[in-house]
Chemist: 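Below: one structure in structure tokens.
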Amino acid sequence: MTDPIPTDLLDHKLPDWYRATIVDVDGDLIATRKAAIEDLANEISLRDAPGVVAYAHNRIKYGKGLINWIREAARRHDGAFAGKYTELEPRVMVACAIAHRMASKPNDNVSIALALMCLSASFRGFTSAIKSQKLSPLARGYLLSASETARAGYRRSSTTALAGVKEKASSLPTFSEDAGSQPSSAQMAEWTSGAVAVIQTLARRIDTIDRGIAKLSQATAADLDQTGWLLDEYCEIAGKPWAGVAKDAAPIFAATELAAISDTAGLANAPVMLKSTLVKAGQDPSAKGDSLGSVTKTGQKLDSWPESDGHDLLPLLAAVGAFRELNGKSGWRALAEKRRGGGNFTSVSLIDVAEQGHRELLVSRVLSHG
Amino acid sequence: MGDSSPARVPASEQAEPLEPGEEIRQDTASATDDPTAADEAPFEPSGSGKLLRSRDLLTSSEASASLAESPGYVVVWAGERKSGKTTLTAELYERHRQGTASTRFVGSRTLLGLEERMHPARSASGRVKPHTPRTEQDPEGRDILHFQVQDGEQGPIHLLFGETPGEVFKRIRDADLPPDDVPLLARADKLAFLLDGEGLADPGRRSMIASSAQLLIRRFRDAGLPESRCQTMLVVTKLDQIEAAGENAISYLDKTEKRILPKLREIDSDAKLLRTSARGETSSERGLDELMSWLLDEPAIDVDEELPELPPASRRLQRLRQPKGLR
Amino acid sequence: MNIVMIGPRSAGKSSYAVGLHSGLVNEAFAGMKLVDTLDPVGYLNAGQELLAQCRPVARTNVEVPDSVALIVSASGAEHKISIPDRSGEVLRFSQDLREWDTDLAGDLGQADGVLIFVNPMAENFKIGAPVGEAGQQLPGEDDDEGEVPRPWNESMTPSDVRIVDALQELAQLISRAVMPVGFIVSAFDELLDVHATPGGWLRSRLPLVVDFLETNADQFPSACFGVSVQGRAFAEGVGPDDDEPDPWDRAWALDADGEHVELCEPLAWLLRQGAEISRVA
């Protein structure tokens, strides 16, 4: 099992992470900042998650919409806080808050969204505002752990239902067997209450089984779907065998099909499954990939991709959106680059493009729940 | 660069009598740069209560405001009295005023503090030889000088110079004060141990200078300082005085460096050596460009661990989806 | 638009105000026209009279600061310009006492642009030479014990540091994100023998100021000018020649690269900067 992120991560790492923005690492100031960071971590909303991660990775423009929230949290503990969104400290605080959120709320849509966006930031070649911090390993570890927890399946209870019922029943009052005695209202009420408690014990056990079965069933169904997909030689979207799919098209088609049958439980296996499919398509997953080239080859067949105005951390969605808007005509690449905040992609491989595509589709789904 | 010549006083400086009907008001103050001149018009500014920054140095908390804004480094010169600590800071600043720095000056939160420390090296102080005032412990913990510079196209960097009195380092040397009791020493991003060139040039003092430096380094090492990401350097100050003292002094310096640098490299394998001269008889300075380069050099930082491995598949179905060759 | 002129005593602020006004009144500028005058300008006219007689403009009295409000047209638009002409003492004492004068703080708080004046020929222009420069005759003891015959106080701050200090403190005082700064080197006719361009002079004599303005250009976009309101040095007691040009024709200005520009160009530059800032906002 992957170890979950330790819940006391912030306690251990804060002096190191905050060092670059503070002179007295042992003083009162850092204690107030820790409290503020904990508040921020608790308050990150699903809607703000992309901007929060982008800002933590030095995409400063996203700070404009976040700075009031950051200031409010900081000023609860230090009324003199005066950080501006262009400054370093607010970004550092947010980077700490992201890590703390993933550590402290392990089964949480916001944490999943944050983790996926951190990996997107890594794809873009962005680095944390904290030089000694890399959020992508934390994010990957978080998703692995979340995936395993989701896949854990139904576990039998340590006690039987019978034992639970017997325990509750043992506290039911008994009545005298004398012919002339009648139980009082109070005695009847106590007995009734006890009987209801026994029934509730049974009901809770049934609900637990119900949930467990549903979860197991869902996980099994997903497993089967994914296994079936893995074994299938045919690419539904392309309408042809994987072996006949163009090199640049394979990563995005693979990502799209897998995302449609992915859930949290499947996150851990996605990289390997995507790699396997690229191999099926006759490609070397580590060969050089071209994100915009992939969109060119696939853009006409990506109706399932959601609409997007673009975001620095969702470059493929931005590219697909631009391709659609201009119908693949001249200028769509420039529009795509503008919508993803400019800058060149770092050198990426086919598997990087596939994983990023899969990630962006999953995060869009998670964000749409917000 | 000297003061502008006062030879020609512009006519506009001379007070003019009023012509009849003329509305211009006559200036009653005479032109002088002596601020205490008795014939200056008395002036009572209507204070607004809005204060300008004073000559005070910064506390740790105030200095943190600079780092909160943008990247910077805490710099500590470790050396006893007269080793040249404040002179180094003041001269690194002054070079920007003289136009001889390789970096550009962005600003300072302790501008007047720097000016006060440079003053005894200026002719306006009335001194014949340049001098730097002795650093005293500030009771309010105001012990940080600041200025910000920019090098080429890189972003601006704050430099926060600890003004720790030489007496503190003497106490550390004498094992009378643990170095980790001085917060700034533990926090330093750049730590330079100073070898006083003037002392090394004096046969009666040089052995103590060398010995003190070794002891100081040992005290730091025993206290587990500096932190791993702190960069260290052995800096020889007042090189001009060593050179002026002759071959024996230079030879002693060579020997001392060879003895001390390895000790410093026991705590920082990348520790560097630099010889400097901030002021000389010919006002030539050496080593300050290199010193500034080192101050601005971004230290290598240990970054968090690499991506975690995928867990081994525990069920047959999962193994099917993780073909061996692709794990 | 509110423009504040700052600089020490004798830096040329009043002279520039006189030269600017006389040029506007007499339509000497192609790039700027006077539309209306909103404040009494008696002292500016009196200053023009002095210039016509080849006499320098006297300094503003410290106790009664003047302010001039004009409406000018430039760059196709009309602009109301308010120029308080505060005595150099006001800024100097604010800096020495480390407390803003109320009126000056008020002016700067409302300002849309600043003109900084410096006169290298003035006695109060100080560079802060190091000890021991060749040719210096220095008083004082040779005291290895560290005696400082003249201990430091704020009034000893050199001119370049004063300018940087003023700008740094201005940044703390104002709420604007951007404040354009026009830097005027007065009496530039006296410097032409040695420095061909105002930019060259600034870089040579005030490198700290150049560094500060360039590295803080986002907040303080700047331009440098060399100005001579008199047009030439006046000899004492010598009046105008028969063919003496009018004061507004005699005055001249150079941009940073030494190209001739109109005397109103520092103001025109500030107006263009103000328009650009408004457009971006």
Side-chain angles (χ1 to χ4, degrees), chain A residues 1-3 13 16 19-30 80-84 86-90 92 99 119 122 127-128 130-142 144-145 147-148 151 220 223-224 226-227 229-231 266 268-269 271-273 275-276 278-279 285, chain B residues 58-76 141 143-144 146 155 157-158 160 162 180-181 183-184 186-189 227-230 298-327:
Chain A
M1 285 282 282
T2 306
D3 292 328
K13 285 291 201 177
D16 176 65
R19 182 191 158 93
T21 54
I22 208 166
V23 174
D24 184 3
V25 289
D26 295 320
D28 294 337
L29 191 62
I30 200 159
F81 182 84
K84 298 182 189 144
T86 48
E87 293 177 355
L88 179 59
E89 190 180 15
V92 166
L119 292 173
S122 178
T127 53
S128 171
I130 301 170
K131 289 205 158 94
S132 61
Q133 181 197 62
K134 249 185 161 176
L135 283 170
S136 50
L138 276 176
R140 183 72 66 107
Y142 169 80
L144 284 175
S145 180
S147 180
E148 284 166 6
R151 177 171 294 291
T220 307
D223 269 353
L224 284 172
Q226 288 169 14
T227 306
W229 178 75
L230 192 64
L231 295 173
N269 294 322
V272 172
M273 296 179 66
K275 248 188 213 175
S276 174
L278 287 175
V279 169
Chain B
L58 303 178
T59 60
S60 293
S61 176
E62 290 165 347
S64 295
S66 294
L67 296 183
E69 188 186 278
S70 57
Y73 301 119
V74 175
V75 180
V76 170
D143 55 3
I144 297 175
H146 164 266
I157 301 284
H158 293 283
L160 299 165
D180 39 5
D181 274 9
L184 214 54
R187 175 60 186 84
D189 297 301
E227 302 221 346
S228 59
R229 71 174 69 180
C230 173
E298 191 175 336
I301 293 174
D302 292 329
V303 186
D304 298 338
E305 51 284 356
E306 289 306 315
L307 291 178
E309 293 282 326
L310 287 178
S314 54
R315 298 191 305 209
R316 190 183 297 253
L317 207 55
Q318 288 184 63
R319 283 202 298 275
L320 183 64
R321 289 185 293 151
Q322 290 190 11
K324 261 200 192 140
L326 291 176
R327 283 179 212 161

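Residue numbering restarts at 1 for every chain, and letters A, B, ... go by the order of the sequence lines. Predicted model only: the values in this text are computed from it and were never measured.
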Chemist: Taking 4.5 Å as the heavy-atom cut-off, does anything in residues 58-65 of chain B contact chain A, and if so which residues?
Modeler: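 Counting heavy atoms that sit under 4.5 Å from chain A, the residues of residues 58-65 of chain B involved are Ser60(B), Ala63(B), Ser64(B).
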Chemist: Quick one: side-chain contact (heavy atoms from CB on, under 4.5 Å) partners of Asp28(A), sequence neighbours excluded?
Modeler: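 Listed in chain order: nothing, the list is empty.
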Chemist: Measure across Arg19(A) and Arg229(B) and return the closest heavy-atom pair with its distance rounded to 0.1 Å.
Modeler: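 In this case the closest contact between Arg19(A) and Arg229(B) is NE-CD, 3.3 Å.
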Chemist: List the atom of Leu88(A), the atom of Leu67(B), and the distance in Å for their closest heavy-atom pair.
Modeler: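 Heavy atoms only, the tightest pair is CD2-O, 3.7 Å.
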Chemist: Sequence neighbours left out, what passes side-chain contact (heavy atoms from CB on, under 4.5 Å) with Ile30(A)? Give chain and number order.
Modeler: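 Checked Ile30(A) against side-chain contact (heavy atoms from CB on, under 4.5 Å); matches are Leu14(A), Tyr18(A), Ile22(A).
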Chemist: Ala68(B): what forms a side-chain contact (heavy atoms from CB on, under 4.5 Å) with it, not counting sequence neighbours?
Modeler: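 Once residues adjacent in sequence are excluded, the partners of Ala68(B) under the side-chain contact (heavy atoms from CB on, under 4.5 Å) criterion are Glu89(A).
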